[in-house]
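In this chain, numbering begins with 1 at the start of the sequence shown. Here the structure is a predicted model, which is why all the values come from computation and not from measurement.
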Amino acid sequence: MAGEGATLEYTPTWVVALVCSVIVSISFAVERGLHRAGKHFDKNNQKQLFGALQKVKEELMLLGFISLLLSVGQSRIAKICISKELSQKLLPCKKPEEDKSLKDNSHFQFSFTGRHLLAGDSAAGDYCSQKGKAPLMSLSALHELHIFIFVLAIAHIIFCLLTIIFGTMKIMKWKKWEDQVLEKDYNQDQVIQKNYTAVREHDFIRGRFLGVGKADAFFGWVHSFMKQFLASVNESDYITMRLGFITTHCKTNPKFNFHGYLIRALNSDFKKVVGISWYLWVFVVFFLLLNITAWHVYFLLAFVPLILLLAVGMKLEHIITELAHEVAEKHIAVEGDLVVRPSDDLFWFKSPRLVLFLIHFILFQNSFELAFIFFIFAQYGFDSCIMGQVQFIIPRLVIGVLVQLLCSYSTLPLYALVAQMGSSFKGAIFTDQTQQQIAGWAKSAKMAKKKGSTHAGSSHGGTSNPVATPSPKSIQLQSLLAKGSSSQQTNLSQGKPEIVEE
């Protein structure tokens, strides 16, 4: 029993202690690192990044639960038997001949999993073969699926972190434009100074307006498609959209730190993007199902995130172009600075949130593609039938890297800016401290209303006491945080709280 298949009873105690120490040390180091990162985010009032960290912990906990289920249930799953005819359908690779099976399966002994499962597979196979059937899934296949799920989740988290880091670095370059605007001497009673601007001579219009007509509309889309590869956002774009946002949502605070708001909003969106939602797991299951030999599904799959990313980038650029066309087609000259009008009508299905959903799907799909290539290469080698021929592998790798770079340096920063051109603003418009105060006031107002309703309902037959209602200020604050709708054209100067300047 002291050989390869030795149980814990016949394993040297120093080996058990050593392996246990290494596993516990690595796990503890990761846990302490996440804990210190959380304390750092909390200390610096980076609530959005702290929330994203909590999301990462949730994903790790989900991975642990999946790992536990696979570890506990693998022996039972391996003893589920199906007919041999059914086990031969929808195979990802052509099954080798019987006399070559041992040779073809020898990679299990040298794969990066480092576990010898041949004995367990033989036992499960014998159990089903005695019934004239085949096992539903071998122990080796179960363990490889276990590893693949882990690699996929970790790859998604890592690629999302890289995307948000590089995207934030690009957005930080815009801070110089914000500082230039804030250095100007604004009149606090009005945002727009009383001067006249020739619309067609404005840098924003000259860079975006191509004329009126069907041909110009077509070239507008072509221009938007090409611009996402070059300077997706320039100074005139940033300053014009910044003024449009401030004029619409916080007119009384012309020195509002729009750049800080973009960073807070992007960090808040990152908390949603880093997670793996249920529909993304459904997507994984769907494409695992279609991984059939000679179909080359994964080669076609590599083009999905690229096509979606190019479409999203083109649409975001075209929204800026539409803002320019709306002003240029209606005015020759305007009094004051050129101001654009944000609207949800500019977005697909009038939903700016749809763009975030697509970016989430693109990042996950690209992570899935790269994680799958890495897993197959490490597990089976470069010559695996799942990898396909070289002409299928190289384009997949190139597309994966291209999607990651384009999303990080172009699409994500572009989304951070253009997403603010909707009819509503986000809760990140307030600083973290202000958001906590508003949430506290809204909670107090709700509790006061609930207590008042209970007190009024308990009085019978006598003079009913008036129902306690929250103050108008509490209602207004609750509405601002929950809806953030610009359709009401909130005037923050009329007894309502002004946006806190950072």
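Aromatic ring orientation, Phe368 versus Phe283: perpendicular (interplanar angle above 60°, classes split at 30° and 60°). Taking the six-membered ring where tryptophan is involved, the planes of Phe303 and Phe299 are perpendicular, since the angle between them exceeds 60° and thus also 30°. Ring orientation note: the planes of Trp281 and Phe364 are nearly perpendicular, at an angle over 60° on the 30°/60° scale. Between Trp174 and Trp177, the ring planes lie parallel to each other; the angle is under 30°, not in the 30° to 60° tilted range.
Atom CZ in Phe159 sits 7.0 Å away from atom CG in Asn366 (nearest 0.5 Å). One distance of note links CG of Leu308 with OG1 of Thr411; it measures 11.0 Å at 0.5 Å rounding. Distance check: Arg341 CZ to Leu323 CG gives 9.0 Å after rounding to the nearest 0.5 Å. With values rounded to the nearest 0.5 angstrom, Met421 atom CE is found 9.0 Å from Ile320 atom CD1.
Counting only N and O atoms by type, the side chains of Tyr380 and Glu144 include a donor and acceptor under 3.5 Å apart.
Using modelled atom types, no side-chain atom of Glu317 and backbone atom of His223 make a donor-acceptor pair closer than 3.5 Å. Using a distance-only test at 3.5 Å, with no hydrogens or angles considered, a donor-acceptor pair links the side chain of Gln228 to the main chain of Phe225. Remark: the backbone N or O of Ala416 is paired with a side-chain donor or acceptor of Gln420 at under 3.5 angstrom.
Closest approach of Ser408 and Leu412 over heavy atoms only: O-CB, 4.4 Å. Across Leu346 and Ile319, no two heavy atoms sit closer than the pair O-CG1, 3.5 Å. Shown here for Ile359 and Cys407, the closest heavy-atom pair between the two residues is CG2-SG, 4.4 Å. The heavy-atom pair separating Leu152 from Ala371 by the smallest distance is CA-CB, 4.0 Å. In terms of heavy-atom proximity, Leu266 sits nearest to Ile164 at CG-CD1, 3.6 Å.
Under the 4.5 Å side-chain criterion, counting only non-hydrogen atoms from C-beta, Thr240 is not in contact with Ile205. With contacts defined as side-chain heavy-atom distances shorter than 4.5 Å, the pair Asn234/Asp237 qualifies.
A salt bridge between Arg242 and Glu235 is absent, with no side-chain N of the basic residue lying under 4.0 Å from a carboxylate O of the acidic one. With salt bridges taken as basic N to acidic carboxylate O contacts below 4.0 Å, none links Asp179 and Lys176.
Residue Arg32 places its CZ atom among more than 12 non-hydrogen atoms of other residues, nucleotides or ligands, all under 6.0 Å distant.
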Begin with the C-alpha distance, continue with both residues' side-chain angles, and end with the deciding distance and a verdict on ring pair (Phe, Tyr, Trp, His ring centres under 6.0 Å) for Tyr279 and Phe357. CA-CA 11 Å; Tyr279 49 83; Phe357 169 81; 5.3 Å; yes
